[in-house]
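Naming: A, B, ... by sequence-line order, numbering from 1 per chain. Nothing here was measured: the structure is a model prediction, and the numbers come from that model. Every heavy atom of this structure was used, including side-chain atoms; hydrogens, water molecules and symmetry mates were not.
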Protein chains: 2
Amino acid sequence: MPYDPSAFPPFAVTVDLVVLTVRRHALCALAVRRGEPPFQGRWALPGGFVRGDEDLATAAARELAEETGLHVQDQTGPAPANAAHLEQLATYGDPKRDPRMRVVSVAHLALAPDLPAPRAGGDAHSVRWAPVNELLDEREGEHTAPLAFDHARILADGVERARSKIEYSSLATAFCPQEFTVGELRRVYEAVWGVALDPRNFHRKVTGTPGFLVPTGGTTTRQGGRPAQLFRAGGATLLNPPMLRPEA
Amino acid sequence: MPYDPSAFPPFAVTVDLVVLTVRRHALCALAVRRGEPPFQGRWALPGGFVRGDEDLATAAARELAEETGLHVQDQTGPAPANAAHLEQLATYGDPKRDPRMRVVSVAHLALAPDLPAPRAGGDAHSVRWAPVNELLDEREGEHTAPLAFDHARILADGVERARSKIEYSSLATAFCPQEFTVGELRRVYEAVWGVALDPRNFHRKVTGTPGFLVPTGGTTTRQGGRPAQLFRAGGATLLNPPMLRPEA
DNA sequence: GATCATAGTCGTCTGCCTGACGATAAACAG
DNA sequence: CTGTTTATCGTCAGGCAGACGACTATGATC
């Protein structure tokens, strides 16, 4: 690795974000409308350049906060109400992925609870939560033009990562508010996997997995029906045994 | 995303390789000795700059071939004898990870069968297969100085990826020659996980998992003892049910 | 207030998978 | 021929998962 700057080609490095949440029983992703060419007017994933003195994870957290007001879940201390999970997804560096110049994008995956409040600093016309099925739909439509750049691929990879990761980790709780019921957690799994799960078996499974859920003592009827116990996410990050996705 | 080149800082982009194989019942990684500062004389992961017109996967495959003579496994057509599995691992971009300049490294993970032939173009003094336990050992020793840069972290991430991925995918066969026995495959799992497995249960499990192994009809006694059936990797990439790593 | 719809929670049963382990088979070394 | 090594088949008990019945506690409706 020589010093000589002419020995290597310069790249622009960006972070792109796949921000997922569950709204109205559907898995949704954050999309922004592009205001300038290329792909002007098309929807894209939020993202931006990594600064010269900034770590990749820091850049992703900064973009996430700018775009949504969400803060990255801190391991220590009490989690704020609007805490999100953030992890690196993959890096995309096809020489032709951006027609202007050579851009390498380090995509990150963020999982957030459904936000009742509007997004900070967001323009309603240029930022929206869209069902991933719509965004990944190939057909043209009012809101269904393909995503800009290679963002459909990135989104698909992010969705697949989320789908498989909630199997063997407690990440599904990142889609829930701080306190949640077993039924709410089940609806998260159903929305992310796109399947229906048996409430009784799910309840047994999830309450029987050590470290997954801790009861808070409270109950709620916000979903209607009989009052349900409230839980908080337990300390376990890896689930043993895992939640099994039903056969394809 | 403006055009203006002054609007974003330039980065150097490299690929680093975690190349794993199983030799003498131990999981080993490829290490190269650095010939110049920084970290002169220390061991490091092989890698190099991504060229201006090159995809990330292409750059990784090129570096792999230069360093080992291995070719990336092609989905179509017959696999050559020296075929390796290659996938992107993660990207490391701490601003201080290289003291000379801002380098973002897209690490890749390669899994290869034990190579009986010496490496093409390699100097025996500057390239070696080293047990990952040695490379990750913090203590100083003749061959155990810590890896250069953040390569210990990258190697650890690669090893962990391999350990978890052979659970639910057929990737363990990438460590085997084209034709192999159940016992040889078991020794791969034992070396990667660092545990002893029951030969009888392992045999039942792998032969009972659909699409994992297809018998070639031949047998071999190269491991001594009773002749063992030879198998080839089946078409399945995802194992159902998965191989379960024994409890920690 | 009785009835109904909605969710939540507890049990039961059966089949499958797993881990532990006995037994047999086929090679080679002495 | 006997012991050693590796491979392969079988058995058995425990645990977990899917299917599903039953009961409970709310709010909504008549």
Side-chain angles (χ1 to χ4, degrees), chain A residues 24-25 166-168 176 179-191 193 195-232 236 238-248, chain B residues 24-25 166-168 176 179-191 193 195-232 236 238-248:
Chain A
R24 284 184 266 107
H25 215 279
I166 63 173
E167 279 195 89
Y168 56 88
C176 295
E179 297 200 348
F180 53 88
T181 70
V182 173
E184 287 165 350
L185 183 63
R186 176 170 47 82
R187 275 171 223 111
V188 164
Y189 276 92
E190 291 180 331
W193 284 344
V195 298
L197 300 173
D198 185 295
R200 298 157 292 189
N201 292 335
F202 184 87
H203 188 276
R204 177 184 58 193
K205 189 79 201 289
V206 86
T207 55
T209 300
F212 195 5
L213 301 181
V214 293
T216 67
T219 62
T220 183
T221 62
R222 62 185 173 220
Q223 299 290 339
R226 170 176 165 179
Q229 280 187 72
L230 283 169
F231 294 87
R232 194 174 297 134
L238 259 52
L239 299 183
N240 209 333
M243 305 292 301
L244 289 179
R245 180 162 26 166
E247 303 290 316
Chain B
R24 285 183 265 106
H25 216 280
I166 64 173
E167 279 195 271
Y168 56 89
C176 295
E179 296 200 349
F180 53 88
T181 70
V182 172
E184 289 165 349
L185 183 62
R186 176 169 47 82
R187 277 171 220 109
V188 165
Y189 275 92
E190 291 180 331
W193 285 343
V195 298
L197 299 174
D198 185 293
R200 298 158 290 189
N201 292 336
F202 184 86
H203 188 278
R204 179 185 56 192
K205 190 82 200 288
V206 297
T207 55
T209 299
F212 195 5
L213 302 181
V214 293
T216 68
T219 62
T220 183
T221 62
R222 63 184 172 220
Q223 299 290 342
R226 169 176 165 182
Q229 279 186 73
L230 283 169
F231 294 87
R232 193 174 299 132
L238 259 51
L239 301 184
N240 210 334
M243 305 292 300
L244 290 179
R245 180 162 26 166
E247 303 289 316

Which one of A:E184, A:R232, A:Q229 satisfies the side-chain contact (heavy atoms from CB on, under 4.5 Å) criterion with A:E179? A:R232

Worked check of side chain to side chain contact (heavy atoms under 4.5 Å, CB included) between A:R186 and A:V206: CA-CA 9 Å; A:R186 176 170 47 82; A:V206 86; over 6 Å; no

Give a yes or no answer on whether the side chain of B:R187 reaches the backbone of B:G183 with a donor-acceptor pair at less than 3.5 Å. yes

Distance-only, no hydrogens or angles: does the B:E167 side chain make a donor-acceptor pair with backbone N or O of B:P242 under 3.5 Å? no

Verdict with supporting geometry, B:T209 and B:N240, side chain to side chain contact (heavy atoms under 4.5 Å, CB included): CA-CA 7 Å; B:T209 299; B:N240 210 334; 6.0 Å; no

Could you tell me the boundaries of the chain A footprint on DNA chain D, defined by atoms under 4.0 Å from its heavy atoms? D:dA17 to D:dT26

Under 4.0 Å protein heavy-atom contact, by nucleotide of nucleotides 8-18 of chain C - B base, S sugar-phosphate only: BBBBB-----B

Nearest non-hydrogen partners of B:A236 and B:P210, listed with the distance: CB-O, 3.9 Å

Taking the side chain from B:E190 and the backbone from B:L197, do they hold a donor-acceptor pair closer than 3.5 Å? yes

